[in-house]
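Small disclaimer: the values here were computed from a predicted structure and weren't measured.
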Amino acid sequence: MSGETAAPSRVSTGLRFVYCKRAWLGALHLLLAPWWALLTAFATVAGLVGSLVSLPLVLLGVPLFVLTGDVLISAARSESTWFRRVFGVHIRISPRTVPSGTSLLGAARSLLTDSGFWQLTAYNVVRLPLAWLTLVAPLLAVVLGYYLVQEPLRMAFVENAQPELAFLASPSTLAVNGPLCVVLGLTLVLGSPLLWRILSNVHIGLAQLLLRGSKMHELTERVSELEVSRAATVDSVEAERRRIERDLHDGAQQRLVSLAMTLGRARSKKDNDPDGASALLEQAHNEAKEAITELRDLVRGLHPPVLADRGLDAALSGLAARSPVPVTVRYDVSDRPPRTIEAIAYFMVAEALTNIARHADASKVVVGVERSGVVLRITVRDNGSGGAFMRPGHGLAGLVDRASGVDGTLAVHSPVGGPTTLTMELPCES
């Protein structure tokens, strides 16, 4: 029995692999890539040739070369965003932006000595024929498959039909070769999504090969980014420490001081006024419970136990249950993310729900968590009044620092009148 039930399972898995969302996204990419490749290749060739021709006119050739570099780097970053959002593949762009205040000659010199820029130039030139080839090949496969299916059927069922394929010219060859043509044609047509997926992976591989640049260049940029993110993380941790000190001083510490004073008053009355002492002990008992509650809330704010024990899904459900605004959680992640990523995602949602309850005047919130490749994407959307923005030293700015510490990003879209959407993307390596 186990052998009989395993086969349908394997067939079902194979069909899901061929006809999954990834295949259709690959088809969309193959349809759009040739036109984008044509545009970027034209910009590359026209800009470089124009710069070279006008080189004797320094005032024209140098600015044109720098402008060409800026256009190509911006286009490469747009492609990187496309690959990350559509396929979940993160590609670090090698060319650097020229610091503001640099002269045109300095900017041109920086581009000329930047190996990543020349790899980007090669990418735009090589990708053009590849993009058109990967568009035409699947279309030809589908057309050929359709032709191989309909030709034997037409010869078999249409009276006096003239053969267009020599190996189907006679009834005997039609009986032998016809079913083979149908099977081959159906394979080409029905298997085309797998071809789309393979060819889109070729595009991704080429981008990963040429857009990342040399290893030394990538390491240099990585060190610079880590210096910035380290400083932001240190500032975020320092702000968090000050917040904890403030919460302890204004909350639990005051409760404990009041508790000690109440117990002292009760002790002084235990002989002369037993009833008053009992009332003070009851008050002290209530103050002790309130102090425990505040300490528990403070600890939950540092790292909730449910997050460590049961994961992000359960922790977000707990946040939703405690929120004064109705919250719907949509969690679609099969494998548990790393603990650090879970903690950052949890605090992002907690901060967002706190801000919504205080300022947004919203009646509902939707929290979505999904994983696309190596990217964990968390969105918080409310139907409130909008107008949210990041200010230095406030909660959202602190979340940006938390995200940047692990190479993540946080985007805020909050037009006046709403709705407000927070989107955090965190790297989530398996």
Peer 1: Tell me, please, which residues at least two apart from T379 pass side-chain hydrogen bond (donor to acceptor under 3.5 Å, both in side chains).
Peer 2: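 Listed in chain order: nothing, the list is empty.
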Peer 1: Is the shortest heavy-atom distance from the side chain of L188 to the side chain of L186 under 4.5 Å?
Peer 2: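 Not in contact.
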Peer 1: More than 12 non-hydrogen atoms from neighbouring residues, nucleotides or ligands closer than 6.0 Å to CG on N201, yes or no?
Peer 2: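 Yes, because the 6.0 Å sphere around CG of N201 holds more than 12 heavy atoms from other groups.
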Peer 1: Within this structure, what is the CG-CZ distance for the pair L72 and R77, rounded to the nearest 0.5 Å?
Peer 2: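 Answer for the CG-CZ pair, L72 versus R77, is 12.0 Å.
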Peer 1: Taking atom types as modelled and ignoring hydrogens, do the side chains of R22 and S200 form a donor-acceptor contact shorter than 3.5 angstrom?
Peer 2: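 There is such a pair (donor and acceptor under 3.5 Å, judged by atom type) between the side chains of R22 and S200.
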Peer 1: With sequence neighbours excluded, tell me which residues meet salt bridge (Lys or Arg N to Asp or Glu O under 4.0 Å) with R381.
Peer 2: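 Testing R381 for salt bridge (Lys or Arg N to Asp or Glu O under 4.0 Å), a comparison that skips the adjacent residues, returns none.
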Peer 1: D382 versus V325: any side-chain heavy-atom pair under 4.5 Å?
Peer 2: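 They are not in side-chain contact.
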Peer 1: To the closest 0.5 Å, what do you measure between CG (N383) and CG (D361)?
Peer 2: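 The CG atom of N383 sits 9.0 Å away from the CG atom of D361.
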Peer 1: Among residues two or more places apart or on two chains, list those pairs meeting salt bridge (Lys or Arg N to Asp or Glu O under 4.0 Å) that have a residue in residues 29-39.
Peer 2: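 Counting only pairs at least two positions apart or across chains, no salt bridge (Lys or Arg N to Asp or Glu O under 4.0 Å) contact touches residues 29-39.
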Peer 1: Minimum heavy-atom separation for A122 to L210, with atom names?
Peer 2: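 The pair with the smallest heavy-atom distance is C-CD1, 4.3 Å.
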Peer 1: Can you name the nearest heavy-atom pair linking R84 to R377, along with the distance?
Peer 2: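 Closest heavy-atom pair between R84 and R377: O-NH2, 4.1 Å.
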Peer 1: Should I356 and V380 count as side-chain neighbours, where that means a heavy-atom distance under 4.5 Å?
Peer 2: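 Side-chain contact under 4.5 Å: yes.
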Peer 1: Show me the side-chain donor-acceptor pairs of residues 127-144 shorter than 3.5 Å, one per line, residues at least two apart or across chains.
Peer 2:
{"unit_1": "R127", "atom_1": "NH1", "unit_2": "E79", "atom_2": "OE1", "d": "2.9"}
{"unit_1": "R127", "atom_1": "NH1", "unit_2": "E79", "atom_2": "OE2", "d": "3.0"}
{"unit_1": "R127", "atom_1": "NH1", "unit_2": "Y123", "atom_2": "OH", "d": "3.1"}
{"unit_1": "R127", "atom_1": "NH2", "unit_2": "T40", "atom_2": "OG1", "d": "2.9"}
{"unit_1": "R127", "atom_1": "NH2", "unit_2": "E79", "atom_2": "OE2", "d": "3.0"}
{"unit_1": "R127", "atom_1": "NH2", "unit_2": "N124", "atom_2": "OD1", "d": "3.2"}
{"unit_1": "T134", "atom_1": "OG1", "unit_2": "L130", "atom_2": "O", "d": "2.9"}
{"unit_1": "T134", "atom_1": "OG1", "unit_2": "A131", "atom_2": "O", "d": "3.0"}
{"unit_1": "T134", "atom_1": "OG1", "unit_2": "H203", "atom_2": "NE2", "d": "2.8"}

Peer 1: Verify whether the ring centers belonging to W82 and W36 lie closer than 6.0 Å.
Peer 2: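 Here the rings of W36 and W82 have centres that are no less than 6.0 Å from each other.
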Peer 1: Do D70 and T68 have side chains that approach each other closer than 4.5 Å (heavy atoms only, starting at C-beta)?
Peer 2: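 No; the side chains remain at least 4.5 Å from each other.
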Peer 1: Please give me the minimum heavy-atom distance between A352 and L422, naming the atom from each residue.
Peer 2: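 Nearest heavy atoms, A352 then L422: CB-CD1, 3.6 Å.
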Peer 1: Please name all residues satisfying side-chain hydrogen bond (donor to acceptor under 3.5 Å, both in side chains) with R109, sequence neighbours left out, ordered by chain then number.
Peer 2: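 If we apply the side-chain hydrogen bond (donor to acceptor under 3.5 Å, both in side chains) test to R109, skipping adjacent residues, there are no hits.
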Peer 1: Under 6.0 Å between ring centres, would you say that holds for H29 and F87?
Peer 2: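 Ring-ring flag for H29/F87: true, centres closer than 6.0 Å.
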Peer 1: Counting C-beta onward and ignoring hydrogens, is there a side-chain heavy-atom pair between V327 and L353 closer than 4.5 Å?
Peer 2: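 They are in contact (side-chain heavy atoms under 4.5 Å apart), so the answer is yes.
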Peer 1: How would you list, by chain and number, every residue that makes a salt bridge (Lys or Arg N to Asp or Glu O under 4.0 Å) with R330, sequence neighbours excluded?
Peer 2: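 If we apply the salt bridge (Lys or Arg N to Asp or Glu O under 4.0 Å) test to R330, skipping adjacent residues, there are no hits.
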Peer 1: Only one of V366, L316, V365 forms a side chain to side chain contact (heavy atoms under 4.5 Å, CB included) with V329, so which one is it?
Peer 2: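 Exactly one pass, corresponding to L316.
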